[in-house]
Participant: 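Below: one structure in structure tokens.
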Amino acid sequence: MIMKNKGFTLIELLVVIAIIGILSSIVLTSLGAAREKARDVKRIAEIGQIQLALAQYVDSCGEYPDLLDPLADNGCSGVTLGTYMDPIPTAPVGGEAEEYTYDVSLDNSSYCLGVGLEASNSFAKTQCTSTNVTSDFEYRVQP
């Protein structure tokens, strides 16, 4: 009587482990791209929140603040940007830009607010007229 061994051979086990390794590397690669896009979406959403706070500030004070500082008093009877948004968000860690760029015109009647995006296929590539701000995604407000 011949006994038949039940189980897997070493080669079968190595092939299965190799297949699992290849599949997991593909999944991890696609997760990295999804994380980049998620951080970009968060950056753009936070720029919208900052833009709303700036609109409320200019409604109260008649001009845009000099800095994106929630505590800076620009002579507007105690109203600061922090009245409408505190703290000012910081860009998510990752990629090149970790801070939002802000530049205001000399007469404080317009501003340029921007942030760099990580994704190589970012859908917004505009430049403000300001010389101090160079970003991938920007909002421009003209008087």
Side-chain angles (χ1 to χ4, degrees), residues 1-61 63-74 76 78-143:
M1 182 169 186
I2 300 176
M3 296 257 327
K4 196 171 190 182
N5 288 338
K6 293 183 180 181
F8 296 106
T9 65
L10 182 60
I11 293 178
E12 290 171 334
L13 289 174
L14 290 175
V15 167
V16 169
I17 290 172
I19 291 172
I20 291 172
I22 291 170
L23 291 176
S24 64
S25 66
I26 291 171
V27 168
L28 289 177
T29 303
S30 63
L31 280 179
R35 287 181 184 150
E36 280 182 2
K37 289 179 185 177
R39 285 190 296 264
D40 283 347
V41 167
K42 183 176 181 188
R43 287 181 181 102
I44 293 169
E46 286 179 347
I47 278 191
Q49 292 174 352
I50 295 170
Q51 187 180 25
L52 289 174
L54 287 169
Q56 290 174 332
Y57 182 90
V58 79
D59 191 43
S60 297
C61 299
E63 64 182 17
Y64 293 104
D66 294 329
L67 303 169
L68 279 183
D69 183 0
L71 302 176
D73 185 7
N74 295 311
C76 184
V79 176
T80 65
L81 190 58
T83 306
Y84 306 107
M85 176 176 246
D86 189 26
I88 301 298
T90 56
V93 176
E96 297 175 14
E98 293 185 10
E99 289 187 18
Y100 295 101
T101 55
Y102 174 75
D103 192 26
V104 67
S105 64
L106 292 176
D107 62 353
N108 288 20
S109 64
S110 66
Y111 70 88
C112 180
L113 178 64
V115 68
L117 299 178
E118 290 181 68
S120 58
N121 58 352
S122 55
F123 57 89
K125 294 276 188 184
T126 60
Q127 296 297 320
C128 289
T129 55
S130 165
T131 57
N132 297 334
V133 177
T134 55
S135 299
D136 295 333
F137 186 85
E138 295 168 346
Y139 281 104
R140 283 181 267 179
V141 173
Q142 301 297 331

Participant: Heavy-atom distance under 4.5 Å between the side chains of Thr83 and Thr80, does that happen here?
Facilitator: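 Yes, at least one pair of side-chain atoms sits under 4.5 Å.
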Participant: With the side chain counted from C-beta on, respond yes when Ile44 and Val41 share a heavy-atom pair under 4.5 Å apart, and no when they do not.
Facilitator: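 Answer no - side chains too far apart.
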Participant: Decide yes or no on side-chain contact (heavy atoms from CB on, under 4.5 Å) for Leu52 and Tyr84, but give the supporting numbers first.
Facilitator: CA-CA 9 Å; Leu52 289 174; Tyr84 306 107; over 6 Å; no
Participant: Evaluate side-chain contact (heavy atoms from CB on, under 4.5 Å) for Val16 paired with Ile19, printing each intermediate quantity in order.
Facilitator: CA-CA 5 Å; Val16 169; Ile19 291 172; 5.8 Å; no
Participant: Rounded at 0.5 Å granularity, tell me how far CD1 in Ile26 sits from CG in Leu31.
Facilitator: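 Atom-to-atom, Ile26:CD1 and Leu31:CG are 12.0 Å apart.
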Participant: May I have the step-by-step check of side-chain contact (heavy atoms from CB on, under 4.5 Å) for Val58 and Leu54, ending in yes or no?
Facilitator: CA-CA 6 Å; Val58 79; Leu54 287 169; over 6 Å; no
Participant: Determine the interplanar angle of the Tyr111 and Tyr102 rings, folded into 0 to 90°, and report it as parallel if under 30°, tilted if 30 to 60°, perpendicular if over 60°.
Facilitator: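 Rings of Tyr111 and Tyr102: tilted, 30 to 60°.
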Participant: Work out which heavy atom in Ser25 is nearest to a heavy atom in Ile22; give both atom names and the distance.
Facilitator: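 Closest approach of Ser25 to Ile22: OG-O, 2.8 Å.
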Participant: Might you point out which heavy atoms bring Leu113 and Ile47 nearest each other, and give the distance in Å?
Facilitator: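 What the structure gives for the nearest pair is CD2-O, 3.8 Å.
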Participant: Could you grab the distance from atom NZ of Lys42 to atom CD of Gln49, nearest 0.5 Å is fine?
Facilitator: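 Rounded to the nearest 0.5 Å, the NZ-CD separation comes to 9.5 Å.
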Participant: Please name the pair of heavy atoms, one in Asp40 and one in Arg43, separated by the smallest distance, quoted to 0.1 Å.
Facilitator: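 It is OD1-NH1, 3.0 Å.
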Participant: Looking only at heavy atoms, what is the nearest atom pair of Ile50 and Pro89, with distance?
Facilitator: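 Shortest heavy-atom separation between Ile50 and Pro89 comes out as CG1-CD, 3.9 Å.
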Participant: Tell me, yes or no, whether the heavy-atom count around Leu23 atom CG, taken from other residues, nucleotides or ligands under 6.0 Å, exceeds 12.
Facilitator: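 Above 12, so yes.
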Participant: If you take all heavy atoms of Val104 and Tyr64, which pair is closest and at what distance?
Facilitator: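 Reported closest heavy-atom pair: CG2-CB, 3.8 Å.
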